Number of protein chains: 2
Amino acid sequence: MTVPTSGRSSARRADAQRSIAAILEAAVNALSRNPDASVSEIAKAAGVGRVTLYGHFPNRADLVEAALAHAIEQGHAALDAVDLTGDTRQALTRLIDSSWLLVNQSRSLLLAAQTVLPPSRIRDLHAGPVERVEGLVKRGQDDGVFRSDLSTSWLIGVMHNVMHTAADEINAGRLDPDQAAGFITATVLAAFTPPGRRVPT
Amino acid sequence: MTVPTSGRSSARRADAQRSIAAILEAAVNALSRNPDASVSEIAKAAGVGRVTLYGHFPNRADLVEAALAHAIEQGHAALDAVDLTGDTRQALTRLIDSSWLLVNQSRSLLLAAQTVLPPSRIRDLHAGPVERVEGLVKRGQDDGVFRSDLSTSWLIGVMHNVMHTAADEINAGRLDPDQAAGFITATVLAAFTPPGRRVPT
DNA sequence: CCCTTGTTGAACAGTGGTGTACGAGTTACT
DNA sequence: AGTAACTCGTACACCACTGTTCAACAAGGG
C-alpha cells in the first residue's frame, strides 16, 4: 500500500526497490521541512535522478500521498508498542508521550498533503491511527473518566491541536521541548475531565 | 499602519484611497479562501488592474502583510466592544463568543502570511490582540481561577488552537457551527481549571 | 552471459506566476 | 482650466516548476 502497486506481474528489481525506499524517505524529510519542496529537491535528497523519480511516481501529488502514507504507516507501527490497557488516563498519557513527537514532525508533511490531496483521501490515510485513539477515548467516556458532553471526535481533535500548540510554542522559543509532553498531558487530561469533577493533579 | 506610508508628503488622492481600500478588502477575502491566491486574482476581485495594485504595493509579500494587518486591525476594533470586567470565566466566555469566528475566518490568511513573512513580523502584527487576551488570562491566574502551573503563553496558545479544532470539525462536517462556541468555551474552561479544582459546569 | 529492467542527464514544451515598462486615457485637487 | 496624480491594458522579460522524450549506459536476474 505504501508503494504504487499498479498492476505489476513480476516483482521489482532490487535496485528499484532501493530507489523507491530512498525517495520515500527523502520525500518525508524534505516535505517535513518545507511543504512546498519541489520534485527536483526531493530527487536530489534521495540521491536519485529526477527522471528516475518520475519513473516510480507519475506526478507530484502521488509522491506526496505516498510519502504521507509511508510516514503514517511508520508511526502507526511504532505506536503498536504502547500499552493501552489499564487506567485510561495513564494509558492516554503513555500514548501522548510516544506520539506527540511524531505528530509534530509530520506537521509540515500533512500541510503539503492538504494542498494537493482531497480531504477524503487524507482522512482515509489517517484511518488507522485515528481508530486507535478513538478506541481509547471512547473507553474513557464509557467509564465516566472522560467527559461525554462533547463528542468523541471533538476530544480527539482537541488532543491533536494541543500537540500543535506545543509545536508552536517550542518554535517560538517559549517552551522547553523537554517540558512539552508534560504540558500536553496536563492540558488534555484537564480538558477531558467531566464537568463537576476535579482536574487530576 | 494599514497602508504603505512610505514617505509621502501630500495626502493621497481620493480615488487612490478607494483603490487601496478595495484592494485590501479583496485581498483579505481572496487569501481567506485560498492562501495561494495570485496577485492577478486579487486585483480582479478588487475591480482594479494588476498594474494599479503594483502601484500601491511593491510586491506580493507587502500586499499579504498589509492584508493581514488590515484584518487584525478590524478584528481588534470589533473586540473593543467586549466587556472584559467582572467574573474572569464569564469574561473569557464573552471574548471567545465574539472572537472565534474572526479567528476562524482569518485562518487561511494567516497561513498565507506565514509562508511569506518572517515569524517575528507576524508576532508583531498580533501584538495588539495578544495583549488583550494576555491581560485577561493573567488576571485569572492571579485570582487562582485559572491554573498557574502552565505558562500564560501556553494557555493562550491552547485557546487559539482549540478554536482551530472547531474550524477543523466544522470543515469535516462533524460539528454544527451553532454549537462551536459552546464546545470551545467548555473545553477551554476545563483546560484552564487548576489541578484539584472542579471543572465548571 | 544475455536480456530485461532501471537509471541517467540533457533537452524541450508548457504552465503560471512575478514584477516592470510604456503610452494613452481618466480623474481629482487647486 | 490646468496639472499632477492615478488608472488601464498590453506587452515583455524572467523565473521556477512540472512532466515528457530520447539515447546512452549500468546493473540485476534467470
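Computed from a predicted structure; not experimentally measured. In what follows, every chain begins at residue 1, and chains take the letters A, B, ... in the order their sequences are listed.
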task: Check the distance between D:dC17's C1' and A:Lys44's NZ and give it to me in whole angstrom.
output: 13 Å
query: Quick one: is B:His56 getting a side-chain N or O under 4.0 Å of the D:dC6 phosphate, OP1 or OP2?
result: no
Partner set under side-chain hydrogen bond (donor to acceptor under 3.5 Å, both in side chains) for A:Arg18, not counting sequence neighbours: none
query: Does A:Thr52 put a side-chain nitrogen or oxygen below 4.0 Å from OP1 or OP2 of C:dG6?
result: no
Under 3.5 Å between N/O atoms: give me all the protein pairs with nucleotides 27-30 of chain D, atom names plus distance.
from	atom 1	to	atom 2	distance (Å)
D:dA27	N3	A:Arg13	NH1	3.3
D:dG28	OP1	A:Arg18	NH2	3.3

For A:Val64 against A:Ala113, the heavy-atom pair lying closest together: CG1-CA, 3.7 Å
Expected list for residues 120-130 of chain A: side-chain donor-acceptor pairs under 3.5 angstrom, two or more places apart:
from	atom 1	to	atom 2	distance (Å)
A:Arg121	NE	A:Glu65	OE2	2.7
A:Arg121	NH2	A:Glu65	OE2	3.0
A:His126	ND1	A:Ile122	O	3.1

message: Looking only at the side chains, is there a donor atom on one of A:Thr152 and A:Gln141 sitting less than 3.5 Å from an acceptor on the other?
response: yes
More than 12 heavy atoms from other groups under 6.0 Å of CD on A:Glu41: yes
task: With sequence neighbours excluded, tell me which residues meet ring-ring contact (aromatic ring centres under 6.0 Å, His included) with A:Trp154.
output: B:Phe183
Which atoms of nucleotides 16-20 of chain C (N or O only) lie under 3.5 Å from a protein N or O atom, and what are those distances?
from	atom 1	to	atom 2	distance (Å)
C:dT18	OP1	B:Val39	N	3.4
C:dT18	OP1	B:Arg60	NE	3.3
C:dT18	OP2	B:Val39	N	3.4
C:dG19	OP2	B:Tyr54	OH	3.3
C:dG19	OP2	B:Arg60	N	2.9
C:dG19	N7	B:Arg50	NH1	3.0
C:dG19	O6	B:Arg50	NH2	2.8

query: In whole Å, what is the span from the CD1 atom of A:Ile20 to the P atom of C:dG6?
result: 9 Å
query: Atom CG of A:Asp62 and atom C1' of D:dG19: how far apart are they, to the nearest Å?
result: 13 Å
query: In whole angstrom, what separates A:Leu63's CG from D:dG19's C1'?
result: 13 Å
task: Check whether any side-chain nitrogen or oxygen of A:Ser19 sits under 4.0 Å from OP1 or OP2 of C:dT7, and answer yes or no.
output: yes
Taking only distance into account, with no hydrogens and no angle test, what donor-acceptor pairs under 3.5 Å do side-chain atoms of residues 158-168 of chain B form with protein atoms, sequence neighbours excluded?
from	atom 1	to	atom 2	distance (Å)
B:Asn161	ND2	A:Thr165	OG1	2.8
B:Asn161	ND2	B:Gly157	O	3.0
B:Thr165	OG1	A:Asn161	ND2	2.8
B:Thr165	OG1	B:Asn161	O	3.0
B:Asp168	OD1	B:Arg107	NH1	3.3
B:Asp168	OD1	B:Arg107	NH2	3.2

message: Please give me the minimum heavy-atom distance between A:Leu117 and A:Ala61, naming the atom from each residue.
response: CD1-O, 3.8 Å
